[in-house]
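Working notes, beginning with the structure itself.
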Amino acid sequence: MELVKTDLKSYQDYQEIIDTNTKAQLDYFANKLQGKKIAMVNATSFGGGVAEILHSFVPLARDMGLNIDWWVIKGTDEFYNVTKSFHNCLQGEEGQLSAEAKEIYLKYNQMNAARVDEWNYDFIVIHDPQPAALIEYLKAKEGAKWIWRCHIDTSTPNPEYWNFLYQYIKQYDACVFTMEEFVKEHELLRNLTFITPSIDPLSPKNIKLEEEEAQRIIVRFGVDIHRPLISQISRFDPWKDPLGVIDVYKIVKKELPSVQLTLVGSMASDDPEGWDYLYRTLRRAGEDYDIKVITNFNGVSNKEVNAFQTVSDVLLQKSIREGFGLTVSEGLWKGTPVIGGNVGGIKYQIKDGVTGYLVETVEECAEKVLRLLRNPNLAQEMMEAGQERVRRHFLITTNILNYLKLFDKLEN
Ligand code: UDP
């Protein structure tokens, strides 16, 4: 296990964005929890939504006066291959959980637990399945309240994987899911709580970028800013359906030949499958030079993602399964219309026809893209509604508040 270093954040900077009620509650609970030690534990400090949230959550909570650390468990490809199958199968993919996979999973959890001495935390929040079995090796030693936070869509899990995981998560003092529909079996889960993830309005990814600056950034990737642009910002993963996005683009292209597509994806360190899917995406894109497939290895970092989300005419998040989909809120916050798959957490962010569109198929998605590209006024109305929805429900400050309320409840 390794401690993750984060940048500094100032709570003061958020005062203008949050409403007085949220602020009063944050101040109250942060004060009440002074002196308590909190640990966040996940599998990677880079790539994917959890790392994204913790990079803001941890330093901001620290600046509110909370004593909080972020730990990342260590693993190698054999562990990440197994945990990737956990991720996929908990989201419903077929597959058998072999004795060998269980052994690898537990071996790495045990090895990481063995590296811990003298933690002394009051609250330990374990994110996702990768480190979920740490509790087996540490609960007796640590007098903490343990919280398991699930970020994935477990509404129709592969039973073999779910049953295996269940024996660990039922040991937790609380379990947090994003939506009620993600929890089918919960008789033995204690303090079941629902909290949505969030975006940081002041992070380099979400802070307001002037249009000209954003345009200058995306021109570097070969995009023509005078032509319509559709983008999807996502890991290369079958659940994100990048191949479907290319098929959507191809339909739109027939009607609107000037359209361009960018697929922007970061390669997470705990996602070995990502490379394979990137190559499949490149093959589907073929020789069409109006499709740009770019990654962090082409120099895409937070500011570049911000620029693509700011400048694109339509953003897609055409997922087939989605725990939440931070990219949806990121897009809505920037006032760009978002079309998402009608699944999981995306349904929570997009109110169909009001803050964007929810779609089931490639054809429907292409039709909605064309509708938005041809009706700038419609896009404008959706943009305002979308931004307001994010401000009310999906900002980092509300997320911290929800956790503080849970900690407080577990204390009593
Ligand atoms: N992201 C990024 N660079 C990329 C692609 C994605 O920084 O090239 C970020 C994206 O902006 C979002 C996060 O990674 O903040 C992905 O979170 P999401 O919840 O959408 O999906 P996850 O990867 O967790 O399934």
Side-chain angles (χ1 to χ4, degrees), residues 199 204-236 240-242 244-253 255-266 281 285 288-296 298-319 325-341 346 349-350 355-357 359 365-387 390:
I199 64 162
K205 178 167 296 166
N206 295 313
I207 201 160
K208 182 150 181 56
L209 261 189
E210 290 311 323
E211 191 76 16
E212 295 73 45
E213 185 179 4
Q215 287 177 348
R216 264 201 307 280
I217 292 171
I218 71 160
V219 162
R220 291 209 301 267
F221 296 93
V223 173
D224 178 351
I225 52 162
H226 303 293
R227 290 196 280 140
L229 176 65
I230 315 169
S231 301
Q232 174 158 297
I233 320 287
S234 269
R235 288 181 296 105
F236 293 98
K240 310 281 185 187
D241 199 19
V245 169
I246 293 176
D247 296 343
V248 168
Y249 156 86
K250 285 181 176 166
I251 298 177
V252 174
K253 186 88 174 163
E255 302 259 334
L256 202 72
S258 60
V259 75
Q260 309 165 88
L261 171 69
T262 52
L263 287 158
V264 182
S266 58
T281 306
D288 185 334
Y289 294 102
D290 280 342
I291 305 178
K292 307 275 187 299
V293 180
I294 47 190
T295 73
N296 46 315
N298 298 95
V300 177
S301 187
N302 290 325
K303 197 169 184 184
E304 289 74 19
V305 169
N306 188 339
F308 275 105
Q309 289 172 331
T310 302
V311 173
S312 296
D313 297 283
V314 176
L315 289 166
L316 300 185
Q317 190 52 61
K318 217 204 136 300
S319 306
L326 284 176
T327 49
V328 173
S329 274
E330 288 166 4
L332 295 175
W333 181 246
K334 289 162 192 118
T336 306
V338 185
I339 301 174
I346 298 180
Q349 300 169 79
I350 297 182
T355 64
Y357 288 115
V359 294
C365 187
E367 183 217 315
K368 295 290 164 25
V369 170
L370 282 164
R371 189 184 297 181
L372 282 166
L373 290 177
R374 286 170 174 156
N375 295 287
N377 290 344
L378 182 65
Q380 176 71 25
E381 273 172 34
M382 288 193 165
M383 184 182 111
E384 283 161 18
Q387 219 167 25
V390 176

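This chain uses plain numbering: 1 for the first residue, then up along the sequence.
Proximity of a side-chain donor or acceptor of Asn298 to a complementary backbone N or O of Thr295 within less than 3.5 Å is detected. At distances below 3.5 Å, at least one donor-acceptor pair connects side-chain atoms of Asp241 with backbone N or O atoms of Gly244. Within the 3.5 Å criterion, the main-chain N or O of Leu332 finds no donor-acceptor partner in the side chain of Gln387.
The minimum heavy-atom distance between Leu209 and Glu213, with the atom names listed, is CD2-OE1, 3.5 Å. Ile346 and Gly341 get closest at one heavy-atom pair: CG2-O, 3.3 Å. In this structure, Pro228 and Leu256 approach most closely via the heavy-atom pair CG-CD2, 4.2 Å. Scanning all heavy atoms of the two residues, the minimum distance from Gln349 to Ser329 falls at OE1-OG, 2.7 Å. Minimum heavy-atom separation, Lys292 to Gly222: CE-O, 3.3 Å.
Considering NZ of Lys205 and CG of Leu326, their distance stands at 8.0 Å, rounded to 0.5 Å. We find the CD1-CG distance between Ile233 and Asn306 to be 10.0 Å, quoted to the nearest 0.5 Å. In this structure, the separation between CG on Asp288 and CG on Leu261 is 8.5 Å, given to the nearest 0.5 Å. The line from NZ of Lys208 to NZ of Lys334 is 10.5 Å long, rounded to the nearest 0.5 Å. Separating the CG atom in Leu372 from the CD1 atom in Ile339 is a distance of 5.0 Å, to the nearest 0.5 Å.
No salt bridge links Glu212 with Arg216; every basic N to acidic carboxylate O contact stays at or beyond 4.0 Å.
Side-chain atoms of Ile218 and Leu229, non-hydrogen and from C-beta on, do get closer than 4.5 Å to each other. Side-chain contact check for Ile246 versus Leu263: some heavy-atom pair is nearer than 4.5 Å. In this structure, Thr336 and Gln309 have side chains that are not in contact, with every pair of non-hydrogen atoms separated by 4.5 Å or more.
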* To do: Check the pair Glu330 / Asn206 against side chain to side chain contact (heavy atoms under 4.5 Å, CB included), numbers first and verdict last.
  => CA-CA 7 Å; Glu330 288 166 4; Asn206 295 313; 3.5 Å; yes

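Within the structure, side-chain hydrogen bond (donor to acceptor under 3.5 Å, both in side chains) contacts touching residues 223-234 (residues at least two apart or in different chains) are Asp224-Arg227, Arg227-Asp290, Ser231-Thr262, Ser231-Ser312, Ser234-Gln317.
Qualifying ring-ring contact (aromatic ring centres under 6.0 Å, His included) partners for Phe308, counting only residues two or more places apart in sequence or in other chains: Phe221. Remark: Glu211 engages Gln215, Thr310, Val311 in a side-chain contact (heavy atoms from CB on, under 4.5 Å) (not counting sequence neighbours).
For the side chain to side chain contact (heavy atoms under 4.5 Å, CB included) with Ile230, the qualifying choice from Leu315, Val259, Ile291 is Val259, the only one to do so.
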